[in-house]
Amino acid sequence: MKILTESVITTIYGAVDEVNKMLPEEERLEKLPRTYLAGDKGTLDSLAMINFIVEVESRIKKNFGLVLNLIEALEMPEEPMKNISQLAIFIVAQANGETV
């Protein structure tokens with residue numbers, strides 16, 4: 001069964017909702033594919049990023065049965081954690097055994 005990007009984005013948005021509960025209003029993430037997560041334009045501090053990663057990993061496992069280690073993705077030159085869209089594409093590729 002192939003995992004669809006739209007389903008993964010919906011799952012990531014659920015993680016965004018959860019992490020946003022812990023953030024001050026001005027630091028909350030928008031639920032848009034282009035929302036930056038990491039890098040120069042990312043708004044999450046290191047603790048919020050870890051919380052976000054744990055939440056995404058948990059939801060991906062629950063929804064799709066896929067175990068990921070997204071901490072490693074932070075260091076990848078392809079920048080899969082740059083924004084929500086790139087993260088979703090990365091997760092779909094991992095789930096479907098493809099390369100990004």
Check side-chain contact (heavy atoms from CB on, under 4.5 Å) between Lys61 and all other residues, then give those that pass, not counting sequence neighbours.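 Lys61 satisfies side-chain contact (heavy atoms from CB on, under 4.5 Å) with Val67 once adjacent residues are dropped.
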
Listed by chain and number, what are the side-chain contact (heavy atoms from CB on, under 4.5 Å) partners of Ser58, not counting sequence neighbours? none

Testing the basics here: between [X] and [Y], what is the closest heavy-atom pair and its distance to 0.1 Å?
{"X": "Thr43", "Y": "Glu27", "value": "OG1-O, 4.0 Å"}
{"X": "Ala95", "Y": "Leu66", "value": "CB-CD2, 3.5 Å"}
{"X": "Leu44", "Y": "Leu23", "value": "CD2-CD1, 3.9 Å"}

Go through the structure and list residues passing side-chain hydrogen bond (donor to acceptor under 3.5 Å, both in side chains) with Lys21, not counting sequence neighbours. Glu18

Can you confirm whether more than 12 heavy atoms, excluding those of Glu26, are under 6.0 Å from its CD atom?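 Enclosed: over 12 neighbouring heavy atoms sit under 6.0 Å from CD of Glu26.
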
Find out whether Asp17 and Lys31 are in side-chain contact, i.e. whether some heavy atom of one side chain is under 4.5 Å from a heavy atom of the other. yes

Evaluate the side-chain proximity of Ile84 to Leu32: yes if any heavy-atom separation is below 4.5 Å, no if none is. no

Would the distance check show the side chain of Asn96 and the main-chain N or O of Lys2 forming a donor-acceptor pair, the cut-off being under 3.5 Å? no

Is the backbone of Glu30 close enough, under 3.5 Å, to the side chain of Thr35 for a donor and an acceptor to pair up by distance? yes

Quick one: pull up OH in Tyr36 and CD in Glu79 and give me the separation to the nearest 0.5 Å. 9.5 Å

CE on Met81 to CE on Met76, rounded to 0.5 Å: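 Between atom CE of Met76 and atom CE of Met81 there are 11.0 Å.
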
Connected via hydrophobic side-chain network under 4.5 Å: Leu87 and Leu68: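 Same cluster: Leu87 reaches Leu68 through Ile, Leu, Val, Met, Phe, Trp or Tyr contacts under 4.5 Å.
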
Answer yes if Met22 and Leu37 sit in the same cluster of Ile, Leu, Val, Met, Phe, Trp and Tyr residues linked by side chain heavy atoms under 4.5 Å apart, and no otherwise.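 Result: no, two separate clusters.
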
With sequence neighbours left out, write down each residue that passes salt bridge (Lys or Arg N to Asp or Glu O under 4.0 Å) with Asp45, or none if nothing qualifies.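 Not a single residue meets the salt bridge (Lys or Arg N to Asp or Glu O under 4.0 Å) criterion with Asp45.
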
Which donor-acceptor pairs under 3.5 Å do side chains of residues 48-57 form with protein atoms, sequence neighbours excluded?
residue, atom, partner, partner atom, Å
Asn51, ND2, Leu47, O, 3.4
Glu55, OE2, Arg59, NE, 2.7
Glu55, OE2, Arg59, NH2, 3.3
Glu57, OE2, Leu70, N, 2.7

Solution key, residues 4-11 side-chain donor-acceptor pairs under 3.5 Å, sequence neighbours excluded:
residue, atom, partner, partner atom, Å
Thr10, OG1, Glu6, O, 3.0
Thr11, OG1, Ser7, O, 3.0
Thr11, OG1, Asn63, ND2, 3.1

